[in-house]
Visitor: 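Next up is a structure, given as structure tokens.
In what follows, every heavy atom counts, from backbone to side chain, and hydrogens, waters and symmetry copies are set aside.
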Amino acid sequence: MVGRKEEIKLLLKAYESQYSEFVTVYGRRRIGKTFLVSEVFGGKFAFHVAGVKGGKKREQLDKFRYALIRHGAEKCPRLTSWLHAFHELEMFLESFPEGRKVLFFDEMPWMDTHGSGFLSALESFWNEWASCRKDILLIACGSATSWIVKKINHNAGGLYNRVRTQIKLYPFTLAECEAYAAELGLSYSRTHIAECYMAFGGVAYYWSLLEKGKSPDQNFNQLFFGRRDGLRLEFEELYTSLFTNPAPYIDIILALGKRRSGLSRDELAEAIGGTSNGNLSQHLADLEECGFIRKYRPVGGVNGGFYQLVDNFSLFYMRFVKDCPSRDGDHWTDGVSEGEKNEWRGFAFERLCLEHVPQIKASLGIAGVHADVYSWKCSASPELRGAQIDLLLVRRDGIVNLCEMKYSKDLYAIDADEDRKIARRVAAFDKEFRGKKTIHVTLVTAHGLAHNTYWNNVQSEVTLDDLFQDVRR
């Protein structure tokens, strides 16, 4: 299995515990939750059930009953309620011999239909039966991250403080994607792996769709623009699988997708035609928890913050696929200009860097130095007002790494105009913060800097190869 070393350790630790354990495994759709749990336990569960997407209470109960029968409870009657369902599960498990019993509830949020009583029945099952034993390992898994976090991990009722192991599954890093690509037999260069990452992020399922023997361009043609649906329908399915009412979440995503630098809460409320109310706060918190957006406060900022769309797949879809009527299997190679692709690569490379800040810190030799991550919008210099730097590492040792992220297919050469822009930004930043910090200009590039006349004005370099370091979050 590629990656997931820490997650595997946590699952095995829970399995080897002397007590019953309740574990949650959560993360966005297609991230590999079911695969992880199934691989760790070899698919050997005392009981395994998966919720039915969009299913009503009756369908969920019938699915639960069929799972009981499949695992050996042949005389299980038709279930009348969730209390009844969990009682039948108790009776079934009591017939087992001594030893650890692993219960795997996949897509648990889908089981909790409105007014079904699922959560109270689960609480009763755990508190009055499972936790009183020492042989139960219950794993609750779900793509609806906000449901898992609110209803289970942060439950204020009968499940309060019952979950001792919470495993949030993050997307793969570049290093993990490189290992996975090798496992898939793709034989891609790091430049090609980075380009795929810019479109897919580190979502394992999307990578599994890449066809061996085809270039990234050929795969993009097939997956996004070919006659088969591929990933054309994935955008709406992604948000529908995560949220019961996906419409307001999609509205937020679409609004943020139009503003590269992000929007304040009030700007966002205006953009979606609503008001800055509690529902918007909850929707933003849910999207942030799922990793689709990031909230950042510009360094020096006093109130509020800005929200920025950082999900690579959503951004690629919105830019190239959403409004494209073509089902021409060559659209990516023939219908999208190189200029459009290069503009996209430039923005996407910045997001890629933001997802690999630990690797940037390791490359700079400051992995052990406390550094807060900020963005900066210039306000002090009239000619630069509105200019933004997406990545500032404000270090406790008094240094600020002002990171300029530049993508090019070859060595990146700073010219006179770019050198002046960087110098003005440094001066504006220094003025805004009254010379309290020492500023180090850091260039993050794909293939390194050309050592020309202006190279000496840069204090440190980070390259794409550095971003492939296997550094823990």
Side-chain angles (χ1 to χ4, degrees), residues 4 7 24-38 48-64 67 104-114 116 118-119 122 139-153 166-172 199-209 223-224 228-257 279 282-293 309-318 321-322:
R4 310 305 190 200
E7 293 85 351
T24 54
V25 180
Y26 57 105
R28 63 174 287 167
R29 168 181 162 94
R30 312 291 204 186
I31 207 69
K33 303 177 294 296
T34 302
F35 180 80
L36 169 68
V37 176
S38 296
H48 174 203
V49 65
V52 181
K53 180 183 176 182
K56 297 183 184 297
K57 177 181 176 182
R58 181 70 268 155
E59 294 171 272
Q60 307 292 352
L61 287 171
D62 285 345
K63 184 75 181 295
F64 196 94
F104 181 26
F105 287 70
D106 200 1
E107 296 298 358
M108 180 180 276
W110 293 347
M111 301 178 198
D112 185 31
T113 55
H114 180 69
S116 68
F118 172 82
L119 201 58
L122 174 64
I139 302 172
C141 183
S143 299
T145 299
S146 58
W147 187 95
I148 293 284
V149 171
K150 288 185 288 188
K151 298 294 183 71
I152 305 295
N153 293 352
Q166 303 170 14
I167 302 175
K168 182 176 181 179
L169 227 55
Y170 291 92
F172 281 163
F200 300 138
V203 180
Y205 174 76
Y206 301 158
W207 283 79
S208 74
L209 299 178
L223 292 173
F224 291 107
R228 289 181 291 172
D229 286 329
L231 289 172
R232 287 182 73 97
L233 304 179
E234 174 66 12
F235 180 81
E236 289 197 6
E237 290 181 1
L238 173 61
Y239 293 98
T240 301
S241 72
L242 294 172
F243 308 112
T244 304
N245 178 21
Y249 295 95
I250 293 176
D251 287 343
I252 291 170
I253 293 295
L254 294 176
L256 290 176
N279 286 336
Q282 188 58 62
H283 294 152
L284 289 169
D286 292 343
L287 287 168
E288 188 177 8
E289 181 65 46
C290 291
F292 292 108
I293 67 174
L309 177 58
V310 293
D311 180 59
N312 296 15
F313 172 79
S314 295
L315 282 159
F316 184 88
Y317 173 88
M318 290 165 60
V321 185
K322 178 177 177 290

Visitor: Roughly how far apart are Asp311 CG and Ile253 CD1, rounded to 0.5 Å?
Guide: 7.0 Å

Visitor: Could you tell me whether the side chain of Val203 reaches within less than 4.5 Å of the side chain of Ile31, counting heavy atoms only?
Guide: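 Counting from C-beta outward, Ile31 and Val203 do come under 4.5 Å.
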
Visitor: Are Leu309 and Met318 side-chain neighbours, meaning at least one heavy-atom pair lies under 4.5 Å?
Guide: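 Heavy-atom side-chain distance check passes, below 4.5 Å.
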
Visitor: Using every non-hydrogen atom in the two residues, find where Met111 and Ser116 come nearest and quote the distance to one decimal.
Guide: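 Heavy atoms of Met111 and Ser116 come nearest at O-OG, 4.0 Å.
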
Visitor: What heavy-atom pair brings Thr24 and Gln166 nearest, and what distance separates the two atoms?
Guide: OG1-CA, 3.5 Å

Visitor: Taking C-beta and beyond as the side chain, do Ser143 and Trp110 meet within less than 4.5 Å on heavy atoms?
Guide: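 No, side chains not in contact.
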
Visitor: Does any N or O in the side chain of Lys33 come within less than 3.5 Å of the main-chain N or O of Leu169, such that one atom is a donor and the other an acceptor?
Guide: no

Visitor: Is it the case that the side chain of Glu107 and the backbone of Val52 share a donor-acceptor pair, with hydrogens and angles ignored and the cut-off at 3.5 Å?
Guide: no

Visitor: Does the Gln60 side chain pair with the main chain of Asp112, one donor and one acceptor, at a distance under 3.5 Å?
Guide: no

Visitor: Looking only at heavy atoms, which two atoms of Gly257 and Leu315 are closest? And how far apart?
Guide: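 Nearest pair, atom of Gly257 first, then Leu315: CA-CD2, 4.3 Å.
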
Visitor: Atom CG in Leu284, atom CG in Asn279: separation rounded to 0.5 Å?
Guide: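 Between Leu284 CG and Asn279 CG, I get 11.0 Å after rounding to 0.5 Å.
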
Visitor: Test your reading of the model: is there a side-chain donor-acceptor pair from Lys63 to the backbone of Ala50, 3.5 Å cut-off?
Guide: yes

Visitor: Considering non-hydrogen atoms only, spot the tightest contact between Cys141 and Thr34 and give its length.
Guide: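 The answer is SG-N, 4.5 Å.
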
Visitor: Measure across Pro246 and Tyr239 and return the closest heavy-atom pair with its distance rounded to 0.1 Å.
Guide: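 That closest heavy-atom pairing would be CB-O, 3.7 Å.
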
Visitor: For the atom pair CG (Leu122) and NZ (Lys151), what is the distance rounded to the nearest 0.5 Å?
Guide: 11.5 Å

Visitor: Indicate yes or no for a side-chain donor-acceptor contact from Trp147 to the backbone of Ile152 under 3.5 Å, with no hydrogens or angles considered.
Guide: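 Flag not set: sc Trp147 to bb Ile152 has no pair under 3.5 Å.
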
Visitor: Tell me, do Thr113 and Phe118 make a side-chain contact under 4.5 Å, heavy atoms counted?
Guide: no

Visitor: Looking at Lys53, I want to see if its NZ is surrounded by more than 12 non-hydrogen atoms of other residues, nucleotides or ligands under 6.0 Å.
Guide: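 More than 12 heavy atoms, drawn from other residues, nucleotides or ligands, come within 6.0 Å of this atom.
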
Visitor: Ignoring hydrogens, what is the shortest heavy-atom contact between Tyr170 and Arg4? Give both atom names and the distance.
Guide: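 Residues Tyr170 and Arg4, closest heavy atoms: O-NH1, 2.7 Å.
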
Visitor: Classify the angle between the aromatic ring planes of Phe224 and Phe200 as parallel (below 30°), tilted (30 to 60°) or perpendicular (above 60°).
Guide: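 Rings of Phe224 and Phe200: parallel, as their planes differ by under 30°.
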
Visitor: Going by the rule ring-ring contact (aromatic ring centres under 6.0 Å, His included), which residues pair with Tyr317 if we only count those two or more places apart in sequence or in a different chain?
Guide: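 ring-ring contact (aromatic ring centres under 6.0 Å, His included) check on Tyr317 returns Phe235.
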
Visitor: Within this structure, what is the OG-CD1 distance for the pair Ser314 and Ile293, rounded to the nearest 0.5 Å?
Guide: 11.0 Å

Visitor: Is Phe243 close to Cys290 at the side-chain level, that is, under 4.5 Å between some pair of heavy atoms?
Guide: yes

Visitor: Hey, which of Lys322, Arg29, Arg28 is the one that makes salt bridge (charged side-chain N to carboxylate O under 4.0 Å, His left out) with Glu234?
Guide: Arg29

Visitor: Which distance, rounded to the nearest 0.5 Å, do you find between the CD1 of Ile148 and the CD1 of Ile167?
Guide: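 Reported value, rounded in 0.5 Å steps: 12.0 Å.
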
Visitor: Looking at Phe292 versus Tyr249, is the centre-to-centre ring distance below 6.0 Å?
Guide: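 No, ring centres 6.0 Å or more apart.
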
Visitor: In the structure I gave you, are the side-chain heavy atoms of Gln282 and Lys150 within less than 4.5 Å of one another anywhere?
Guide: yes

Visitor: Got a sec, which residues hit ring-ring contact (aromatic ring centres under 6.0 Å, His included) with Tyr26, two or more places apart in sequence or on another chain?
Guide: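 Partners of Tyr26 under the ring-ring contact (aromatic ring centres under 6.0 Å, His included) test: none.
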
Visitor: Crowded around Glu237 CD? As in, over 12 foreign heavy atoms under 6.0 Å?
Guide: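 Yes.
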
